[in-house]
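Structure, as structure tokens:
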Amino acid sequence: MIKGSKICGIKDLSTLNFIINYPYPPNFIGFICNYPKSSRYVSITDLKKLLNVKKNKSEFVAVLVKPNNQILEEIKSLPFDYYQLYDCTPDEIKFIKQKYKKKIITAFTIKNKSDVDNYKSYYDVTDIYLFDSKGYEKSERFNHNLIKNIKLNKELMLAGNIKYDDNLRNYEKIANYLDLSGGLETSGLKDTSKIEIFLNNLYKLKK
């Protein structure tokens with residue numbers, strides 16, 4: 001059952017203000033903290049300015065690809081509720097979770113069933129599982145049938161080329177949260193009209 005959403009890749013204050021003040025805001029808002037290959041990457045200097053806002057009903061997520069100690073120390077005082085971690089071992093996540101006292105979204109990039117099966121090793125360190133495509137900074141789709149029947153006993157977030165105007169009922173039996181980034185953009189920039197359509201459709205579905 002879909003409970004809500006995450007909008008990822010925010011890098012400007014006007015879009016952030018639009019989202020956090022929307023009547024039906026997303027549950028999570030993600031910021032790309034250490035992956036310069038992504039056009040959605042935000043530097044530490046800009047993050048400090050950007051995050052100086054009232055979150056209202058949304059929680060903030062630091063999106064981190066195999067973070068080193070330097071980036072973890074640089075963001076530790078920023079108002080993140082979750083760290084979304086790519087390419088980390090269970091032991092690395094356990095260390096980060098305990099040291100920085102953050103909830104964890106463990107991200108798995110999926111191409112085949114063996115990629116999915118990795119989730120079993122992360123149960124003890126994960127608060128939310130995120131299944132994504134192998135695209136990283138690119139919006140690519142993966143075969144959702146690969147995760148359709150797994151039993152997690154934890155919440156599942158789904159990403160990977162989901163569009164703002166998709167029929168959200170297609171995801172109802174798969175995910176608890178939908179994670180959109182590129183699907184809410186026009187010419188590489190967040191499009192508030194697409195964000196509005198997506199959030200309205202999600203609100204109607206939940207009602």
Side-chain angles (χ1 to χ4, degrees), residues 1-10 24 26-30 32 35 37-40 59 61-66 82-90 92-93 103-186 188 190-191 194-195 197-207:
M1 181 183 74
I2 295 175
K3 297 168 63 175
S5 65
K6 173 167 160 279
I7 293 179
C8 196
I10 304 303
Y24 329 118
N27 303 71
F28 310 96
I29 302 173
I32 314 298
Y35 196 68
K37 289 181 183 178
S38 172
S39 61
R40 304 166 190 122
E59 295 190 280
V61 180
V63 179
L64 299 157
V65 179
K66 202 164 184 66
Y82 283 80
Y83 286 175
Q84 177 177 313
L85 300 173
Y86 286 82
D87 300 345
C88 291
T89 67
E92 288 169 337
I93 293 178
K103 289 175 278 189
I104 300 296
I105 299 171
T106 304
F108 299 88
T109 55
I110 305 301
K111 189 173 184 180
N112 51 48
K113 190 174 184 300
S114 64
D115 294 326
V116 177
D117 289 341
N118 285 335
Y119 81 86
K120 297 171 186 176
S121 303
Y122 291 79
Y123 184 84
D124 291 336
V125 296
T126 299
D127 295 287
I128 299 174
Y129 284 99
L130 168 64
F131 292 98
D132 199 353
S133 71
K134 288 283 187 185
Y136 289 89
E137 74 274 16
K138 302 167 189 171
S139 293
E140 296 181 0
R141 187 176 291 276
F142 72 94
N143 182 1
H144 294 158
N145 286 327
L146 291 170
I147 64 168
K148 211 165 190 176
N149 297 313
I150 60 175
K151 304 297 182 186
L152 292 176
N153 295 320
K154 292 198 177 185
E155 292 183 317
L156 188 155
M157 187 178 286
L158 182 66
N161 203 30
I162 302 170
K163 303 299 186 185
Y164 74 99
D165 57 352
D166 278 354
N167 182 353
L168 301 182
R169 293 195 181 281
N170 293 336
Y171 306 108
E172 269 194 305
K173 294 182 179 178
I174 306 173
N176 303 113
Y177 300 101
L178 299 178
D179 183 351
L180 277 71
S181 186
L184 298 172
E185 294 175 356
T186 300
K190 287 290 182 290
D191 185 329
K194 291 182 177 179
I195 292 171
I197 290 169
F198 169 66
L199 291 175
N200 286 350
N201 286 343
L202 187 61
Y203 177 74
K204 291 174 189 172
L205 180 69
K206 287 164 65 181
K207 281 192 73 177

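Keep in mind that the numbers below use all heavy atoms, side chains included, and drop hydrogens, waters and symmetry copies.
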*Would you say K154 has more than 12 foreign heavy atoms packed within less than 6.0 Å of its NZ?*
yes
Closer than 3.5 angstrom, by distance alone: can the side chain of [X] be matched with the main-chain N or O of [Y] as a donor-acceptor pair?
{"X": "N201", "Y": "F198", "value": "no"}
{"X": "K163", "Y": "L180", "value": "no"}
{"X": "S133", "Y": "F142", "value": "no"}
{"X": "D132", "Y": "T109", "value": "no"}

Using the test side chain to side chain contact (heavy atoms under 4.5 Å, CB included), find all partners of [X] that sit at least two apart in sequence or belong to another chain.
{"X": "E172", "result": "I2, R169, L205"}
{"X": "K206", "result": "L202"}
{"X": "K66", "result": "D87, E92"}
{"X": "Y24", "result": "Y22, N200, Y203"}

Closest approach of [X] and [Y], non-hydrogen atoms and distance?
{"X": "L168", "Y": "L178", "answer": "CD2-CD1, 3.7 Å"}
{"X": "K194", "Y": "L184", "answer": "O-CD2, 3.8 Å"}
{"X": "D179", "Y": "C8", "answer": "OD1-CB, 3.6 Å"}
{"X": "Y35", "Y": "I32", "answer": "CB-CG2, 3.9 Å"}
{"X": "I150", "Y": "F131", "answer": "CD1-CZ, 3.7 Å"}
{"X": "I104", "Y": "Y82", "answer": "N-CD2, 4.0 Å"}

*Would you give the length of the straight line joining atom CD1 of I93 to atom CD1 of I105, rounded to the nearest 0.5 angstrom?*
11.5 Å
*Please check if the distance between the ring centroids of Y119 and F108 is under 6.0 Å.*
no
*Applying ring-ring contact (aromatic ring centres under 6.0 Å, His included), which residue pairs with at least one partner in residues 145-168 are found, sequence neighbours left out?*
none
*So do the side chains of I7 and L199 get within less than 4.5 Å of each other, counting heavy atoms only?*
yes
*Answer whether the closest heavy-atom distance between the side chains of Q84 and F28 falls below 4.5 Å.*
no
*Would you sort out whether K6 and S181 count as a side chain to side chain contact (heavy atoms under 4.5 Å, CB included), showing the intermediate values?*
CA-CA 9 Å; K6 173 167 160 279; S181 186; over 6 Å; no
*Using the test side chain to side chain donor-acceptor pair (under 3.5 Å), find all partners of S5 that sit at least two apart in sequence or belong to another chain.*
none
